[in-house]
Amino acid sequence: MTLVEVSVAATLTVMVMGASLSICIYGVSGFFKNQAKVDSESASQLAIRKIAIELREAMSVTVDSNGNGLNYVKGTADSSGNLVIPLATDGVTRRIAVSGTTITITSGTITRTLIRNVIMTDPTNNNAAYQMFTTNGSGITRFLNVMLVIQAQDSPYKVSTSRSRETIYLRNVPESIR
């Protein structure tokens, strides 16, 4: 083999290896981006599901004026967890609220974190601020719209954002105030 043939072979080998490496890097970055998107979407759906479970059992709900928190009470339950009829509150005021980038649920003296990485601007709406909780607008809350926007880091310089929304109907509003 001549020096020219060896040089051409080495150049082609370097080009093929470089192309293969760039394809691998592109694939890995796509994987991390998609994984962050899946993580943020599943986290927001799980958070909304937990909020829905809590609020469907509520007898009354009061949403804060800024829409970023609410207070609610549940009915009295017997030892097996069934509601006692006629409905009466259990006397415990519970709260779901955003604190910084975290949503917490407080029941009496116990506070637990529901989800982290919540942002209060909606990137699909020109980064406008949004209200996490909105009601039907009348004096008695019969349903709530819950919206969450969550971010997850997919690389050192990029984030993935997911947006989830659900309407939750209260099942235990007493007949006397319906």
Side-chain angles (χ1 to χ4, degrees), residues 1-58 61 63-72 94-135 143-171:
M1 289 191 154
T2 65
L3 185 59
V4 173
E5 291 171 331
V6 171
S7 297
V8 169
T11 303
L12 288 175
T13 302
V14 168
M15 288 174 57
V16 168
M17 293 298 285
S20 298
L21 184 61
S22 67
I23 289 171
C24 287
I25 290 172
Y26 183 75
V28 168
S29 68
F31 170 79
F32 284 120
K33 181 178 181 179
N34 289 335
Q35 186 65 40
K37 185 72 170 169
V38 167
D39 289 347
S40 65
E41 286 184 16
S42 63
S44 66
Q45 286 296 320
L46 180 64
I48 284 192
R49 197 172 316 124
K50 286 180 179 180
I51 291 170
I53 289 168
E54 283 290 313
L55 294 180
R56 282 190 185 116
E57 298 176 3
V61 175
V63 177
D64 297 350
S65 61
N66 65 2
N68 295 331
L70 58 81
N71 294 321
Y72 63 102
R94 295 164 177 85
R95 179 157 178 79
I96 300 174
V98 177
S99 175
T101 61
T102 304
I103 297 176
T104 58
I105 295 179
T106 303
S107 178
T109 59
I110 300 169
T111 299
R112 63 182 204 259
T113 299
L114 184 62
I115 190 168
R116 299 183 198 290
N117 302 323
V118 175
I119 59 171
M120 298 311 298
T121 57
D122 186 0
T124 61
N125 191 16
N126 297 325
N127 286 325
Y130 70 95
Q131 291 185 338
M132 191 168 70
F133 300 106
T134 56
T135 64
F143 69 87
L144 293 163
N145 292 312
V146 180
M147 185 172 124
L148 291 177
V149 180
I150 310 291
Q151 282 188 334
Q153 196 80 25
D154 64 20
S155 72
Y157 308 107
K158 295 181 183 175
V159 294
S160 290
T161 305
S162 73
R163 181 176 181 244
S164 300
R165 180 185 303 223
E166 184 173 329
T167 299
I168 301 169
Y169 292 91
L170 305 181
R171 296 187 286 197

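Positions are given from 1, in the same order as the sequence printed here. Remember, it's a predicted structure, so these values are computed and weren't measured experimentally.
What you find for A52 and E166 is that their closest heavy atoms are CB-OE2, 4.0 Å. The minimum heavy-atom distance linking A47 with L114 is given by the pair O-CD2, 3.9 Å. Annotation for R163 and V149: closest pair CG-CG2, 4.1 Å, computed over non-hydrogen atoms. Residues S42 and D39 share a closest heavy-atom pair of OG-O, 3.1 Å. Across all non-hydrogen atoms, the minimal contact from I150 to R116 is CG2-O, 4.1 Å. Nearest heavy atoms, L148 versus S44: CD1-O, 4.0 Å.
Residues V61 and T135 fail the side-chain proximity criterion, which asks for heavy atoms closer than 4.5 Å.
Each of R94, E57, R95, E54 was evaluated against Y72; a single residue qualifies, E54, per the side-chain hydrogen bond (donor to acceptor under 3.5 Å, both in side chains) test.
For the atom pair T102 OG1 and N117 CG, the distance stands at 7.5 Å (nearest 0.5 Å). Considering CG of L46 and NZ of K50, their distance stands at 4.5 Å, rounded to 0.5 Å. Note that OH of Y130 is 7.5 Å distant from OG1 of T121, once rounded to the nearest 0.5 Å. Rounding to the nearest 0.5 Å places CD1 of I115 at 12.5 Å from OG1 of T104. With values rounded to the nearest 0.5 angstrom, Q131 atom CD is found 7.0 Å from N68 atom CG. Atom-to-atom distance recorded for L144:CG and I51:CD1 is 10.0 Å, nearest 0.5 angstrom.
A donor-acceptor contact shorter than 3.5 Å is absent between the side chain of D64 and the backbone of N66. The closest donor-acceptor contact from the side chain of S162 to the backbone of S40 lies under 3.5 Å.
With salt bridges taken as basic N to acidic carboxylate O contacts below 4.0 Å, one links K37 and E41.
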| message | Set out, in order, the CA-CA distance, both residues' side-chain angles and the distance that settles side-chain contact (heavy atoms from CB on, under 4.5 Å) for L21 and M17, then state yes or no. | response | CA-CA 6 Å; L21 184 61; M17 293 298 285; over 6 Å; no
| request: Dump the intermediate steps for side-chain contact (heavy atoms from CB on, under 4.5 Å) on I96 and F133, then the final yes or no. | output: CA-CA 10 Å; I96 300 174; F133 300 106; 3.8 Å; yes
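Counting heavy atoms of neighbouring residues, nucleotides and ligands inside a 6.0 Å radius, atom CD1 of I110 does not exceed 12 of them.
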